[in-house]
Each structure stands twice: as C-alpha cells, then as structure tokens.
Amino acid sequence: MASKRPRSDSPEASFSRPRRKVTEPDPSPPVPYEDSIQTDMSESTRAANLTAVLNRIDRYIISAERPHDEILQVSLRNFLEMLPPDGCAELLKDIDSKPGDEGLYEVFSNLYTRCRMMSRSKSPSITLSPNPKRGDNAEALSAKMDKPISRDRKFKTALLARDGYKCAVTGHFDQGRYEELGLDSPDLNPTDTQGAHIIPFSYGFWNSSQSPPPDMATASEVLYRCFPALRRLRFNWEDINNLENGITMAEWIHSRFGKFRLAFNATVSYLYLLKQVARY
C-alpha cells in the first residue's frame with residue numbers, strides 16, 4: 001500500500017497554504033553528540049559486516065533467563081532492515097563491539113527498552129548502552145534539556161491546513177472540517193483525524209517541576225544514534241511541535257503508529273510504502 005502527501009486539493013478553493021515568514025529564526029545549536037561511525041569504511045566492507053552480523057543473529061541461542069529473548073532475532077533483523085544506512089552502521093558497530101550471545105542481548109535490550117519507554121505503554125527503565133561513549137552522549141544531551149515542551153493546540157490546526165484537511169495516509173477528509181463546511185460528499189470519506197508527531201511528543205515532555213529523567217536523555221541518545229540525520233538537521237526536543245515533525249492521520253492510523261504497529265518506507269520523494277508490523 002502506498003501513500004502520498006496530498007496536494008492542496010481541498011474542497012475549499014479559496015484556501016492557501018500558510019506562507020513562511022520572511023525573517024527566519026536563528027538555527028538551532030548543534031546537537032551535543034560525538035559520532036562513532038567509521039566514515040572511511042567501503043561499501044563492500046560494510047556489506048560483509050552486515051552479512052556476518054546476520055549470521056551471528058541466526059546462531060543466537062535463546063535463553064528463558066533473559067527477558068524478551070524470544071524476539072531478539074526478529075527485532076535486530078528489523079532494525080538492520082529498517083534503519084537508514086548511517087543508523088545501520090552505528091548498530092553494526094555496537095554489535096561488533098560486544099562478542100557472544102550476552103553481548104548481542106545487551107545491544108538488543110538497550111534498543112527494546114527505549115522503544116517500550118516511548119510507546120504508549122508502561123515500561124521499565126532503559127537498559128544502558130553497551131558502548132560507554134553512548135553514556136557520555138546521553139549526559140551531554142541531558143545538560144541541554146532545560147525545560148519540557150507542552151501541548152500546542154495550534155499544532156493540529158496548522159497540520160490540517162497544510163495537509164489539505166485530509167489524513168495523509170488514507171486521503172480521508174477531516175470530519176470536523178467536513179461538518180464545518182456543511183459538505184455532503186460521502187466520496188470524501190469523512191473521518192476523525194489527529195495531528196501525529198513523527199518524533200513522539202514524549203521525547204520532550206516531563207514533569208516541569210523536576211529535571212528531565214535520566215531515561216529521557218538516554219532515549220534521545222538512542223534516537224540520534226539510529227537516525228543520525230536528526231543530528232545534521234540540529235533537531236532537538238524543542239522542535240517536536242514544529243510542523244516538519246507532524247502529519248495528519250486518521251485516529252486509527254495514529255493509534256497504530258503510536259504503538260509502533262506501522263512503519264513508512266521511503267521510496268522516492270514524498271512517496272512511502274506503508275508496512276504493518278506484528279504485535280510483540
């Protein structure tokens with residue numbers, strides 16, 4: 001199934017997209033993160049490393065004494081398949097630095113607990129990264145996180161206007177706007193929509209009377225590790241309510257997306273393949 005960001009073909013012929021302000025804000029400061037990717041590695045070497053790691057995952061012996069061990073193999077394969085090339089390179093480096101099944105489990109547990117923390121389910125604390133440098137990066141990130149973000153009511157309104165008042169995945173028209181305009185066009189498939197954060201809102205929210213929990217910075221470190229492009233874009237927790245981090249979704253799509261049940265594989269510009277992920 002393919003989805004494409006809708007063009008501005010809303011029933012409102014007079015509506016226009018909001019224009020960018022002439023005066024741009026100052027760029028965000030660099031993300032405090034030290035890279036660990038071997039940039040001089042050839043593609044053939046990287047491919048050989050990937051093959052060796054996949055073979056190692058295949059040989060992994062499941063132990064009932066390790067929590068969630070039964071999903072380690074499929075989880076690590078999915079990470080290696082779905083992450084961008086530079087994120088995959090970081091994961092390969094971590095796996096290569098930790099020999100044996102216990103080392104492989106350390107890498108998996110760090111990734112798994114991060115995903116559980118940022119999903120909409122209660123979860124244990126994040127397992128520390130097997131790479132000591134990751135801990136230094138987490139501490140540097142924590143020092144920069146001075147105040148939490150808050151819900152912005154304008155977020156959904158602006159997303160709807162940008163996305164033509166449609167779910168960007170199904171193309172179904174927003175129910176509220178449909179009723180507001182007094183439309184009578186069932187072919188628009190009116191449905192309730194929500195403004196979904198691509199990088200979850202939880203990455204920037206914590207009790208404002210306290211410092212950010214240690215797990216918050218650790219989760220952000222894992223995010224930057226898996227998606228290094230965010231560091232190059234200088235994306236941080238203060239940018240979570242920006243429109244570039246949002247997409248209009250039907251409620252049921254947003255629910256599955258928030259539970260990591262859906263993934264979007266980029267193919268060409270603005271065109272993605274929708275992949276549904278089995279529940280763990």
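The structure displayed is predicted, hence computed values, not measured ones.
When every heavy atom of R162 is checked against every heavy atom of L243, the shortest pair comes out as NH1-O, 2.8 Å. Residues G195 and F155 come closest through the heavy atom pair O-CE2, 3.7 Å. Minimum heavy-atom separation, D86 to A229: OD2-N, 4.2 Å. Here the closest non-hydrogen pair linking T191 and A250 is CG2-CB, 4.2 Å. In this structure, I62 and Q73 approach most closely via the heavy-atom pair CD1-OE1, 3.8 Å. The nearest pair of heavy atoms linking F173 to K166 is CD1-CG, 4.0 Å.
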Verdict with reasoning, L111 to V222, per side-chain contact (heavy atoms from CB on, under 4.5 Å) | CA-CA 7 Å; L111 295 171; V222 177; 3.8 Å; yes
Under the side-chain contact (heavy atoms from CB on, under 4.5 Å) rule, what do W252 and D192 come out as? Steps first, then yes or no, please.
-> CA-CA 9 Å; W252 70 272; D192 292 323; over 6 Å; no
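If you take OG1 on T248 and NE2 on H254, they are separated by 10.5 Å, rounding to the nearest 0.5 Å. We find the OG1-CD1 distance between T193 and I247 to be 11.5 Å, quoted to the nearest 0.5 Å. With rounding to the nearest 0.5 Å, the separation of CZ in R151 from CD1 in I240 is 10.0 Å. Taking CG of N49 as the start and CZ of R56 as the end, the distance is 12.0 Å to the nearest 0.5 Å. Note that the CG atom of L104 and the CG atom of L76 stand 5.5 Å from one another [nearest 0.5 Å]. Here E179 contributes atom CD and Q175 contributes atom CD; the two are 4.5 Å apart, rounded to the nearest 0.5 Å.
In this structure, the side chain of S97 engages the main chain of D94 through a donor-acceptor pair within 3.5 Å. Looking only at distances, no side-chain donor or acceptor of N242 sits under 3.5 Å from a matching main-chain atom of E244. Checked by atom type and distance alone, the side chain of R225 never pairs as donor or acceptor with a backbone atom of L91 at under 3.5 Å. Side-chain atoms of T113 come within 3.5 Å of backbone atoms of S109 as a donor-acceptor pair (strictly under, hydrogens ignored). The main-chain N or O of N241 is never found under 3.5 Å from a side-chain atom of N245 such that the two would form a donor-acceptor pair. Judged by distance alone, the side chain of Y112 and the main-chain N or O of L72 form no donor-acceptor pair under 3.5 Å. The main-chain N or O of S185 is found under 3.5 Å from a side-chain atom of Y178 such that the two form a donor-acceptor pair. Side-chain N or O atoms of T51 include one that pairs as donor or acceptor with a backbone N or O of A47 at under 3.5 Å. Of the possible polar contacts, none joining the Y165 side chain to the G176 backbone as a donor-acceptor pair under 3.5 Å is found. Not one N or O on the side chain of N78 forms a donor-acceptor pair closer than 3.5 Å with the backbone of S75.
Side-chain contact between L92 and L50 is present, with heavy atoms from C-beta onward closer than 4.5 Å. The shortest distance between side-chain heavy atoms of L262 and V169 does not fall below 4.5 Å. At a threshold of 4.5 Å between non-hydrogen side-chain atoms, the residues P67 and Y105 count as touching. With a 4.5 Å cut-off on side-chain heavy atoms, N55 and R59 count as touching. In this structure, D58 and R77 have side chains that are in contact, with non-hydrogen atoms separated by less than 4.5 Å. T170 places none of its side-chain heavy atoms less than 4.5 Å from the side chain of N189. At a threshold of 4.5 Å between non-hydrogen side-chain atoms, the residues Y203 and P200 count as touching.
Residue D184 places its CG atom among 12 or fewer non-hydrogen atoms of other residues, nucleotides or ligands, all under 6.0 Å distant.
Ion pairing of R177 with E180 is present here, as a side-chain N (NZ or NE/NH1/NH2) and a carboxylate O approach within less than 4.0 Å. A salt bridge does not link D163 to K156: none of the charged nitrogens lies less than 4.0 Å from a carboxylate oxygen.
Between the side chains of D69 and S63, no donor N or O sits under 3.5 Å from an acceptor N or O.
The hydrophobic cluster containing F108 does not contain M82, counting ILVMFWY residues as joined when their side-chain heavy atoms lie under 4.5 angstrom apart, directly or transitively.
Relative orientation of the F264 and Y272 rings is perpendicular, given thresholds of 30° and 60° on the angle between their planes.
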